[in-house]
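For reference, the structure discussed in these notes is given below.
Chain letters run A, B, ... following the sequence lines, proteins first, then strands; residues in each count from 1.
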Protein chains: 2
Amino acid sequence: MARAGLSRDAVVDLAVRLIDEAPGSADRLTLAAVAAEAGVAVPSLYKHITSLADLRRAVALVALRELVRRSAAATVGRSGPDALRALGTAIRAYAREHPGLYSAAQVSPEADDPASAELAAAALDAVELVAAVLRGFALPETRLVDAVRVVRSAVHGFVLLERAHGFGMPEDVDRSFDALLTVLVDGVAALARS
Amino acid sequence: MARAGLSRDAVVDLAVRLIDEAPGSADRLTLAAVAAEAGVAVPSLYKHITSLADLRRAVALVALRELVRRSAAATVGRSGPDALRALGTAIRAYAREHPGLYSAAQVSPEADDPASAELAAAALDAVELVAAVLRGFALPETRLVDAVRVVRSAVHGFVLLERAHGFGMPEDVDRSFDALLTVLVDGVAALARS
DNA sequence: CAAGCATGCTAATAGCATTAGCCCTGCGGA
DNA sequence: TCCGCAGGGCTAATGCTATTAGCATGCTTG
C-alpha cells in the first residue's frame with residue numbers, strides 16, 4: 001500500500017476544506033467524506049484523530065483562530081465607534097464568506113479534554129478582542145462585561161439569522177446590519193454614561 | 001398485537017416531551033427514542049409521520065407557536081419600551097425553561113413542502129409580533145424592518161450564547177441581559193429619530 | 001541490516017433512518 | 001351476523017454513520 005502520507009494537520013486541513021466548500025453547516029462533516037478526500041479508508045483516520053468530535057474541535061480551532069485573526073486585522077489602528085464597526089463588519093464578512101467554518105467555530109470545548117484547552121484559549125482571545133475594542137469607550141469596568149456580551153450577542157445573532165435565511169423581507173440586509181452597528185455604538189456609549 | 005392507539009399528534013407530542021426533557025438540543029431527537037417512549041417499533045412511526053425531518057418540523061411548529069403565544073401574552077397591554085422589554089424577557093425565559101424546544105423552533109421550513117407552510121406562517125407570526133411591538137416607537141416605515149432585525153438578532157444571539165455557556169465570566173448574566181434590553185430600547189428610539 | 005513503530009488495511013459491531021412486505025384487528029356495510 | 005378492507009402494527013433488510021480490534025507493510029532509525 002502506498003502510504004498516503006497523512007498527518008493530523010493534513011486530516012484537519014481536509015476537513016476544513018470540506019466544511020468550507022460544501023454547503024450546509026459543520027455538523028454535516030463526515031469521516032467518510034474526509035477519508036474519501038484523503039484517498040484512505042475511514043478507520044485509517046483514527047491514526048491521526050481520536051474521534052469525530054476531536055476532529056470537529058480541531059476544525060473549530062482553525063476556524064476560530066482565523067476569525068480572530070481577521071477581526072484583529074480589521075480593527076488594528078482604529079478605536080472607539082470606528083473600531084466597533086470594523087469588528088462587526090469583519091465578523092459578518094467572515095461568516096458570509098465561510099458559513100461552514102463560522103458555524104464550526106461555535107462548538108464548545110470539552111471540559112475535561114486537555115486538547116481542547118487550546119480551543120478554550122482561542123475562544124477567550126475572541127472575547128478579549130471584543131473587550132479590547134470596547135475599552136475605547138471608557139466604560140466603567142463593571143459595565144465592560146455587559147457591553148461585551150451585548151455586542152457578541154447582537155452580531156452573532158444577526159449572522160445566524162442571516163445565514164438561516166431568517167430575513168424573509170427583501171429589504172436591504174446590509175442596511176439593517178448598519179443599523180445594528182449604529183445601535184451598538186450608541187448603546188455602548190450610553191452604557192458608558194450610566 | 002394490542003394497538004398502541006397512536007396518531008400523528010400523539011407522536012409529535014411524545015417527541016416534544018422528549019426534546020423538552022432530555023438535555024441537549026433538538027437535533028439529538030431520534031426515532032428510536034420516540035418509538036421506545038410510545039412502546040412501538042421504530043418503523044411503525046412511519047404510519048404517522050413521513051420522515052424524521054417531517055417530525056422535526058412538526059415539533060418546531062409546536063415550539064414556535066408556544067413561543068409566540070407566551071411572547072404575545074407577555075406584551076399584551078404594554079407598549080413602547082415597556083413592551084419591548086417584556087418581549088425580550090419572555091423570549092429569553094422560554095429559551096431558558098425549554099432550551100430544547102427553543103432550538104427546535106429554529107428549523108427552517110422546506111421550500112417545496114406544503115406541510116411546512118404552517119411552519120412558515122408561524123415564523124411570520126413571530127416576526128410580526130416583534131414588528132407590532134416596535135410600531136409603538138413611531139419608526140419611519142422604512143426603518144421598521146431594520147429595527148425588527150436588530151431586535152431579533154440581539155435577543156436570539158444572547159439566548160444562544162447563554163445556552164452554549166458562552167459567557168465564561170461569573171458576572172451576573174441577568175444584568176447583562178438588562179443592559180441588552182436597554183441598548184435595544186435606546187437604539188430603536190434613536191432609529192426613530194434618524 | 002535488523003527491528004520496531006507508524007500508518008495503512010479489512011472485518012466486525014452497534015446505532016441510526018428508511019423501505020418493503022406481511023398480518024392482524026376492528027369497523028362499516030351488505 | 002358476517003365479510004371485507006383499510007389502518008396500524010410488525011419483522012426483515014438496506015445502507016449510512018462512527019468506532020474498535022487485529023493484522024500487514026513499509027519507513028526509519030539504531
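With rounding to whole Å, A:Asp27 atom CG is found 15 Å from C:dC16 atom C1'. Rounded to whole Å, the distance from CG on B:Leu52 to P on C:dA17 is 6 Å. The distance between atom OH of B:Tyr46 and atom C1' of D:dA12, rounded to the nearest whole Å, is 15 Å. Distance A:Arg56 CZ to D:dT17 P: 12 Å, rounded to the nearest Å. The CG atom of B:Leu45 sits 13 Å away from the P atom of D:dT11 (whole-angstrom rounding). One atom, CG of A:Asp54, and another, C1' of D:dT19, lie 14 Å apart when rounded to the nearest Å. Counting to the nearest Å, the C1' atom of D:dC16 and the CZ atom of A:Arg28 are 15 Å from each other. Computed from coordinates, the B:Ile49 CD1 to D:dG9 C1' distance equals 15 Å when rounded to whole Å.
Within the structure, every side-chain polar atom (N or O) of B:Ser44 is placed at least 4.0 Å from both OP1 and OP2 of D:dG8. OP1 and OP2 of C:dA6 both lie 4.0 Å or more from every side-chain N or O belonging to A:His48. At the phosphate of C:dA17, neither OP1 nor OP2 sits under 4.0 Å from any side-chain N or O atom of B:Ser51.
On a pure distance criterion of 3.5 Å, no polar donor-acceptor pair joins the side chain of B:Lys47 and the base of D:dG7.
Positionally, the nearest nucleotide of DNA chain C for A:Gly39 lies more toward the 5' end than for the other of B:Pro43 and A:Gly39. If A:Ala33 and B:Val40 are placed on DNA chain D by their nearest nucleotide, the residue sitting closer to the 5' end is B:Val40.
You'll find that the side chain of B:Leu6 is closest to D:dG9, out of C:dA17, D:dG9, D:dA21. Among D:dA12, D:dA21, D:dT17, the nucleotide with an atom closest to any side-chain atom of A:Thr30 is D:dT17. Considering only side-chain atoms of B:Ala41, the nucleotide from C:dT19, C:dG8, D:dC10 that sits closest is D:dC10.
Between B:Leu139 atom CG and B:Leu144 atom CG the span is 6.0 Å, to the nearest 0.5 Å. Rounding to the nearest 0.5 Å places CZ of B:Arg85 at 9.5 Å from CG of B:Leu180. A distance of 11.5 Å separates CG of B:Leu161 from OG of B:Ser176, quoted to the nearest 0.5 Å.
Taking the six-membered ring wherever Trp is involved, the centroid distance between the rings of A:Tyr102 and A:His98 does not fall below 6.0 Å.
When side chains are defined from C-beta on, B:Asp9 does not count as touching B:Asp13, because their heavy atoms never get closer than 4.5 Å.
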